[in-house]
Protein chains: 2
Amino acid sequence: MHLQDRWKRIIDELSSERVTSVDELTERLGVSPATIRRDLNELHELGHLLRVRGGAMRSEGKLYSGREEKRSEGLRGQSSFSDSVIANAGAKRAIAKAALDYITPGLSMIIDGGTTTWMMASMMNDDSYNVLTTSVPILQCLLERSRVKVTLPGGELFRDQGIILNPYEDGILQHFAAARMFIGCQALTKNGLMQTDTLLVQSERRLMERASEVVVLADSSKIDAPASLSVCPLSQIDVVITDDGISADAVRWLKAHDIDVRIVKADQAAAA
Amino acid sequence: MHLQDRWKRIIDELSSERVTSVDELTERLGVSPATIRRDLNELHELGHLLRVRGGAMRSEGKLYSGREEKRSEGLRGQSSFSDSVIANAGAKRAIAKAALDYITPGLSMIIDGGTTTWMMASMMNDDSYNVLTTSVPILQCLLERSRVKVTLPGGELFRDQGIILNPYEDGILQHFAAARMFIGCQALTKNGLMQTDTLLVQSERRLMERASEVVVLADSSKIDAPASLSVCPLSQIDVVITDDGISADAVRWLKAHDIDVRIVKADQAAAA
DNA sequence: TAAGATTCGATCAAGAGCAATCACATGAGA
DNA sequence: TCTCATGTGATTGCTCTTGATCGAATCTTA
């Protein structure tokens, strides 16, 4: 039995039972407890279940059961299993960790949607943080996995993008002053930060205005990747956290715009 | 048996019995009294039940049996209420159905938190509805089970109450005009609609201003039940939907305030 | 009001569950 | 065939949960 099969069977198990134990899975799948624990931990990190002592619990929230989040290889939801594999997970996790190191207790921040920012949110514990997000998956993640103080902008919920967007100009957002904004992207090019969805662009441009520092989380596959819509020019970006797959040339043109480029080593522990 | 299972079984127990004792739980779950006490205390803190000497009591009031996290790492409580743990489920379901009959496609409405309104939300299918809610469980429910258009007010997320509350006066809410507001309550008395949580009162009073018609969903156990805080006087209520357990006297004083009282027969299907 | 019986919370020891580490097996590629 | 990478299982301290004990608090009954 291979990794993918086990994962699938574990998720199946949890769709019928609300909770399940390591022992039960050990017996049912015929592998060692150590392997089950490893699997559960990884599935937890990928957001498919909640790890609890002795086993795992279904992630009930499913706040976001809409279509896959387009820009981020399908984030979660009642995801078909193929969605569970996050591309470049090792790099993304390392980047998310580095982003966490970059915040201090009590900080007010904006966290935009995306798989890397989602990983960052899933690792947040300190309840002194103050987070504003428009992303439904991140809202769910923070609710389930932390005691972080969460603020939401008002607005209509767009299921396909998994974001909340305010059609008006007033609202909470105008009262929120964030020290930092963490943002993912579809691509990072000389033209700036790029996305492919117009709604996302609209949302992100607005959020950016409310943060004094913009931190981009982009694994190296995003550098010079194709994407059509510019969110902002490089000049508006303060920090880029990426992995060591980035080219020296790219580092050069980023630094030419006074961007603090932080390079982390991809985390090996990650699966597929 | 693990923590998650125990907690679920304790809550289930309380859905069929109004009170239960440490001894009974000890026997039924096969764990020590010390463990049961610990569990009861924690569930009490999380608002899932009321701790009393010798055992625990159902807490009718808690609108949000949410997924609070206990301590910094990992233990999660029950998730959103399932039918089986709702007191008076039969009556509530019938009331929720009647409320659904009372809306027409394309309607804009506000749905407040509460178990009855939650049931109502869980039965909504038509995607032409336009719903504003401050309640997180209802948000989850609508996202998961319907394609209804959802609008959220901005604000801070209060985990214990499971609501979003805007500390400012402006925001989406000021732009939202609802034909009807559906609201649950802790109690319905001659003094009006009652709650026990000040935050809820604050939230509901604001929502009410934005709806042209106020519809109260209250099963008969709520009539003249104890609760300390008045949300609004009876004169502001337009419709009350309740079950046939209501007294003739209560119907009289409700009608004296020009309230349209609609009485439904409790749904037998899965009464407590 | 006083005495006896429950129930409670604090404390501690035993055991279950855990992460980290190492070693072995398997399979791919040179 | 050799080597390296990867996935799995076993071992080892460590942490957290559980159950038992005991004095204190509370309820009951006389």
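Note: hydrogens, waters and symmetry copies are ignored here, and every other heavy atom, side chains too, is used. The structure presented is a predicted model; accordingly, all values stated were derived computationally and were not measured.
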**Item:** Rounded distance in Å - CD (Gln4(A)) to P (dT6(D))
**Value:** 15 Å

**Message:** Is Thr35(A) close enough to dG9(D) that one of its side-chain N or O atoms is under 4.0 Å from OP1 or OP2 there?
**Reply:** yes

**Prompt:** How long is the line joining CG of Leu29(B) and P of dT18(D), in whole Å?
**Reply:** 12 Å

**Message:** What is the separation between atom CG on Leu3(A) and atom P on dT6(D), rounded to the nearest whole Å?
**Reply:** 13 Å

**salt bridge (charged side-chain N to carboxylate O under 4.0 Å, His left out) partners of Glu24(B), counting only residues at least two apart** = Arg28(B)

**Message:** In whole Å, I'd like the distance from the CG atom of Asp5(A) to the P atom of dT8(D).
**Reply:** 10 Å

**Message:** Taking Arg9(B) first and then Asp5(B), would you say they form a salt bridge - that is, a charged N and a carboxylate O separated by under 4.0 Å?
**Reply:** no

**Message:** What is the distance, to the nearest angstrom, from the CG atom on Leu40(A) to the C1' atom on dT8(D)?
**Reply:** 15 Å

**Closest non-hydrogen atom pair, Thr242(A) against Ser220(A)** = OG1-N, 3.5 Å

**Asked** If the sugar-phosphate is the primed atoms plus P, OP1 and OP2 and the base is the rest, what is the B/S/- string for nucleotides 4-17 of chain C, using protein heavy atoms under 4.0 Å?
**Response** --BBSS------BS

**Message:** Any heavy-atom pair between the side chains of Leu200(A) and Ile163(A) that's under 4.5 Å?
**Reply:** yes

In a table with atom names and distances, give each donor-acceptor pair under 3.5 Å that connects a side chain of residues 100-111 of chain A to protein atoms at least two apart or in another chain.
from	atom 1	to	atom 2	distance (Å)
Tyr102(A)	OH	Glu213(A)	OE2	2.5

**Request:** To the nearest 10°, let me know how far the axis at one end of the helix from dT1(C)-dA30(D) to dA30(C)-dT1(D) is tilted from the axis at the other, five pairs an end.
**Result:** 30°

**Item:** Closest approach of Arg58(B) to Ser15(B) (non-hydrogen atoms, all atoms of both residues)
**Value:** NH1-O, 3.1 Å

**Sequence-distant partners of Arg38(B), salt bridge (charged side-chain N to carboxylate O under 4.0 Å, His left out), two or more places apart** = none

**Prompt:** Starting at CD1 of Ile36(A) and ending at C1' of dG9(D), how long is that distance when rounded to a whole Å?
**Reply:** 12 Å

**Request:** For Asp39(B), enumerate each residue passing the side chain to side chain donor-acceptor pair (under 3.5 Å) test, keeping only those at least two apart in sequence or located in another chain.
**Result:** Arg6(B), Trp7(B)

